[in-house]
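Following: one structure in structure tokens, then a few remarks.
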Amino acid sequence: MNWNLLSISDLSREEIDSILVTARKDFLELSRRDIKKVPTLRGRTIIDLFFEKSTRTSTSFELAGKRLSADVINVKADSSAVGKGESLKDTVLTLNAYRPDILVVRHPHVGAPAFMARYTQAHVVNAGDGKGEHPTQCLLDIFSLKQTYGELDGLKVAIVGDILHSRVARSNIAGFRKMGMQVRLIAPPALLPRGVESLGAEVSHTLDDLKKVDVIYLLRMQKERHEGANYLPSLREYISHYCVGRRHVRPDQRVLHPGPINRGVEIESELADADGNMILQQVEAGLAVRMAVLYRIIIDNAATAGSEVRNIQAVG
Ligand code: ASP
């Protein structure tokens, strides 16, 4: 794997496949054991730097590093010197002085992880930058789909909802297409980016088109990025046209959502609790995939640098 993981475009299809094989063979099953720890990254240091709210991504990156036996430090912006006005550059220069191996960064501004990568020797993993990208979400979604469907070539997916403000959509459109899937976007015109045609996806504005796909990928309304603008006449109207319920989903279709879900906005509560959805499977996949990403970043780059890395073997 490349030095940093900033965008899903940093990875070839072969690299994605190879990371996901590592996740499946080495790490998925590990989480189901009583002892969930391997000594693989003992002595390595990972700093998780979250400037934005997170539950799944921050928990799974922290657990991933700990289960690999790395020293994991979590820095939350509201409890760090960032809250005292420290600049991003000074924060990264400071943390870099501790010589971490990996910096995992979530930030509300597009490009912040790439900016930080200029000032650290650590490998930088983008854990979500504004409406930019969320490459590890994309990897875990591809992983979940492979677990269910096997090969993904020709699989048809509809991504539904607030595509304009979604970093998950941006990474997943590119990642799903890279894996040979056919992508359709379903959203009101105001929640689609300008130049959407250039993304290589079919575009429509009605849930009727859900019948044309195998997989339904729902997105949260990203209110925090609407910045006071009215993208919709009203939330109630959006819900009446775009909230997906059980009646929209055939038994053979699978439903994904990156979380957090907003019940009654993009997904009806009954569908959120239904057996056919893959939401918790995605959460479980997130841990195995993030372990694989941390592991592969260290071992692939250590192999290039000629330094020693332990093999994967259970502790004790
Ligand atoms: N958890 C995802 C993200 O951080 C999706 C969301 O927040 O709606 O982008």
Side-chain angles (χ1 to χ4, degrees), residues 5-9 48-64 74 76-78 104-114 124-145 157-176 183 185-188 191-193 215-227 231-232 235 238-239 242-244 255-269 271-272 277-290 293:
L5 179 55
L6 300 174
S7 156
I8 196 67
S9 316
D48 297 330
L49 195 49
F50 278 70
F51 294 87
E52 216 188 42
K53 293 186 180 68
S54 169
T55 304
R56 277 148 291 269
T57 309
S58 63
T59 309
S60 58
F61 266 115
E62 179 176 354
L63 265 181
N74 296 303
K76 308 267 187 231
D78 45 8
V104 175
V105 182
R106 166 162 294 190
H107 198 281
H109 293 131
V110 177
V124 177
V125 178
N126 179 1
D129 61 329
K131 57 181 181 178
E133 283 234 29
H134 198 351
T136 58
Q137 176 72 48
C138 179
L139 289 174
L140 76 88
D141 291 330
I142 293 173
F143 181 91
S144 306
L145 289 170
V157 59
I159 302 179
V160 187
D162 187 359
I163 290 158
L164 178 63
H165 301 99
S166 172
R167 55 192 171 212
V168 175
R170 232 161 299 280
S171 287
N172 284 14
I173 294 167
F176 289 166
V183 182
L185 307 177
I186 301 181
L191 292 181
L192 286 165
V215 176
I216 300 169
Y217 195 104
L218 303 180
L219 296 172
R220 182 176 64 86
M221 185 69 75
Q222 315 271 309
K223 279 267 182 48
E224 69 278 22
R225 296 195 194 106
H226 288 203
E227 284 151 0
Y231 287 91
L232 302 164
L235 189 60
Y238 176 83
I239 292 168
Y242 293 99
C243 183
V244 176
V255 176
L256 289 87
H257 191 304
I261 58 172
N262 278 336
R263 290 173 187 257
V265 179
E266 70 272 359
I267 184 168
E268 285 180 10
S269 210
L271 179 60
N277 83 54
M278 293 171 54
I279 299 171
L280 294 178
Q281 189 182 333
Q282 289 170 272
V283 176
E284 186 180 19
L287 177 54
V289 166
R290 289 180 174 123
V293 165

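Atoms within a ligand are numbered from 1 in the order they appear, just like the ligands themselves. Hydrogens, waters and symmetry mates play no part in the numbers below; they use all other heavy atoms, side chains included. This chain uses plain numbering: 1 for the first residue, then up along the sequence.
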The test is side-chain hydrogen bond (donor to acceptor under 3.5 Å, both in side chains); show your working for Asn126 and Glu133 and say whether it passes.
CA-CA 8 Å; Asn126 179 1; Glu133 283 234 29; over 6 Å; no
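- In this structure a side-chain-to-backbone donor-acceptor pair under 3.5 Å is missing from Glu52 to Gly130.
- Side chains of His257 and Arg220: a donor-acceptor N/O pair is absent below 3.5 angstrom, by distance only.
- Although no hydrogens or angles enter the test, the distance criterion places no donor-acceptor pair under 3.5 Å between the side chain of Arg290 and the main chain of Phe61.
- The shortest N/O to N/O separation between Arg56 and ligand 1 does not fall below 3.5 Å.
- Close contacts of ligand 1 with Val168, meaning ligand atoms under 4.0 Å from a residue heavy atom, involve 2 (C), 5 (C), 9 (O).
- Residue-level proximity to ligand 1 for Arg106 is carried by the side chain, the only part with a heavy atom below 4.0 angstrom.
- When only non-hydrogen protein atoms are considered, atom 9 (O) of ligand 1 lies nearest to Arg167 NE, 2.8 Å.
- When only non-hydrogen protein atoms are considered, atom 8 (O) of ligand 1 lies nearest to Arg220 NE, 2.7 Å.
- Close contacts between ligand 1 and Gly259 involve ligand atoms 1 (N), 2 (C), 5 (C), 6 (C), 7 (O), 8 (O) [criterion: under 4.0 Å to a heavy atom].
- The closest side-chain donor-acceptor pair between Gln137 and Asn172, if any, does not fall under 3.5 angstrom.
- A heavy-atom separation below 4.0 Å is not found between Ser166 and ligand 1.
- Checked by atom type and distance alone, the side chain of Asp162 pairs as donor or acceptor with a backbone atom of Gln222 at under 3.5 Å.
- Ring geometry for Phe51 versus His107: interplanar angle of 30 to 60°, hence tilted.
- Within the 4.0 Å heavy-atom cutoff, Gln222 counts among the residues contacting ligand 1.
- For ligand 1, the atoms sitting less than 4.0 Å from at least one non-hydrogen atom of His134 are 3 (C), 4 (O), 9 (O), numbered in the order shown with element in parentheses.
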